[in-house]
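Both counts, for ligands and for their atoms, begin at 1 and track the order of listing. One-based numbering along the sequence shown.
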Amino acid sequence: MIKARASMEHLFRVFTAPEGRESKLAQIERHLSSNLADFLSQHVVSKATSLEDIEQHFAEFTVPEEPQFVSDHAESLLKNLVANSVNTYSPQFIGHMTSALPYFHLPLAKLLVGLNQNLVKIETSKAFTPLERQVLGMMHQMVYQQDADFYQAHLHSANYSLGAFCSGGTIANISALWVARNQCLAPQGNFKGIAKAGLHSALQHYGYKDLVILTSRRGHYSLSKAADILGLGRDNLITLDCPEHTLDPALALAEGQRLQAQGIKVLAIVGIAGTTETGHIDPLDELADVASQLGCHFHVDAAWGGAMLFSNTHRGLLKGIERADSVTLDAHKQMYVPMGAGMVLFKDANASNAVRHHAEYILRAGSKDLGASTLEGSRNGMAMMLYASLHIFGRQGYQLLIDNSLEKAHHFADMINQHDDFELTTEPTLCLLTYRLFPAAVLVYVEQHPQQAAKVNQLLNDLTVAVQKRQREAGKSFVSRTRLEIQRHAGQKLTVFRVVLANPLTTSEHLQDILQEQLTIAKQTHAWQALLNYCELQQSQ
Ligand SMILES: *Cc1c(COP(=O)(O)O)cnc(C)c1O
């Protein structure tokens, strides 16, 4: 093999053009562009390779001394990385919120890298800045439906922003609560505000003993990170019980009043529009009332469920979202945009000025640089991907996709309900549902021996874990698993399969196959045998 040399000549070629003949990388690219599904099924090998084995390919811990030809490197990427990746494009990969993407994002991604714009400032992005502001405005309009005057006044104004684009829901949640915090502990008289003076002085100035955020147990863990980063502390994210899977407004009000009576200020209530585990939507309208009664910020985490706004059939599920002070959306979930596309939107176009920051060389006062009020600094033009999707699908296209996912989830729920050996544990809200194996004969046993129910549930938990792991390792299909308290089972915490039916390519046959595969796998496990033995049943059952 001819080795590359560390010469400026070689490096110059790396920056400008590929090696003369069609390089390996160019072949890969051609295959990717002509048929992504085929490329993935050929190169992403679904085999049961353990993570430990894969780690052997990534065991080297010194930087390679000598350069490598791009083609040689491409070979090793294919072999070690691509082959051991996860085929999220597959219609049988229904365990997580990451799914197939429309093909046009592939060439757009190339354009994005080719242009390599930096959205932190106009000087390195130019047209991308107004584009991003427009996309934020469109999403703002989806949520808040303000009139034309409002958008004309704020869309491109240097003094306002309708929101911020960021890498994902986590940063969006942090950004929203950062703004809430700085507004809550704003400058007043001689007090310079928390942004300058810090939390300790701010609490003293305002006479608060502490600062807390209220949400339900189902709140995404990014809220806990936010509480930590913002100086509140993770224990000050108060997660309230939600036996019915959604935050009870009366409970939130009572808890908020109890805390405020002790001098502890409620910074914000966070309502969830589409919980990560089960897809449930909090009663947003009532929570908006609670927030106004407590005099606190109302944030809605709609990272998952926000896309419902596109559907005239289902947008009513999010009633009350338009009363939120801030809203988190993730375009890389149900909007089918590649990862790295989160947004926070603010009802009040002035809100983000609470975190505005200026520097001498960029982000000068009065400039339209987006970086002045975003948490992140250098940022690529991901907004272009959403911009393209919004145009190529249109609201109607998105509505079709969303409605289709929901119908599929209901269809799958019916399939599970009709199957003797499965139990639906949470009904679909949005396109998420949870279920588990619960063989018919075991059900009969439990009905006859109700006092054994808790023990049987434990054995069923073991079975769910065993099946989920084997199914993942077999690599043909994938569902995830989680633990939930289920009322019907005396509030016992059960391990359940979790599926997200967002991939438009998933068909009824795929779903049928998945149930069949799970049953087949189950019968090969020790957990199955242990369950049957405990219930004094024969394997033939
Ligand atoms: C996915 C998700 C997040 C986090 O978003 P990332 O893009 O993963 O950072 C936050 N909240 C909810 C409800 C989510 O579904």
Among all protein heavy atoms, pick the one closest to atom 13 (C) of ligand 1 and tell me residue, atom and distance.
-> D301 OD2, 3.4 Å
At under 4.0 Å between heavy atoms, which part of D330 makes contact with ligand 1: side chain, backbone, both or neither?
-> side chain
Heavy-atom proximity to atom 14 (C) of ligand 1, best of H332, E277, K333, H96 = K333
What protein heavy atom sits nearest atom 4 (C) of ligand 1, and how far off is it?
-> H220 CE1, 3.3 Å
Which atoms from ligand 1 have a heavy atom of G168 less than 4.0 Å away?
-> 7 (O), 9 (O)
Check the surroundings of atom CD in Q293: do more than 12 heavy atoms from other residues, nucleotides or ligands lie under 6.0 Å from it?
-> yes
Looking only at protein heavy atoms, which one is nearest to atom 9 (O) of ligand 1, and how far off is it?
-> T170 OG1, 2.6 Å
Do other residues, nucleotides or ligands put more than 12 heavy atoms under 6.0 Å from M415 CE?
-> yes
Pair T124-N116, side chain to side chain contact (heavy atoms under 4.5 Å, CB included): steps then yes or no = CA-CA 9 Å; T124 52; N116 199 27; over 6 Å; no
Verify, without hydrogens or angle tests, whether E286 (side chain) and P249 (backbone) share a donor-acceptor contact under 3.5 angstrom.
-> no
Could you list which atoms of ligand 1 come closer than 4.0 Å to a heavy atom of T276?
-> 12 (C), 13 (C), 14 (C), 15 (O)
Check ion pair E277-R217 (N to O, under 4.0 angstrom) = no
Residue-ligand contact G342/ligand 1, heavy atom below 4.0 Å | no
So the atoms of ligand 1 within less than 4.0 Å of a heavy atom of G274 turn out to be 13 (C)
Answer yes or no: is there an ion pair linking R258 with E255, defined by an N-O contact shorter than 4.0 Å?
-> yes
Taking NZ, NE, NH1 and NH2 as the nitrogens, is one of them in R323 or D289 under 4.0 Å from a carboxylate oxygen of the other?
-> yes
Of all protein heavy atoms, the one nearest atom 6 (P) of ligand 1 is G169 N, 3.3 Å
Flag the pair R234 and D228 as a salt bridge only when some basic side-chain nitrogen lies within less than 4.0 angstrom of an acidic carboxylate oxygen.
-> yes
Pull out every atom of ligand 1 sitting under 4.0 Å from any heavy atom of W304, numbered as shown with elements.
-> 15 (O)
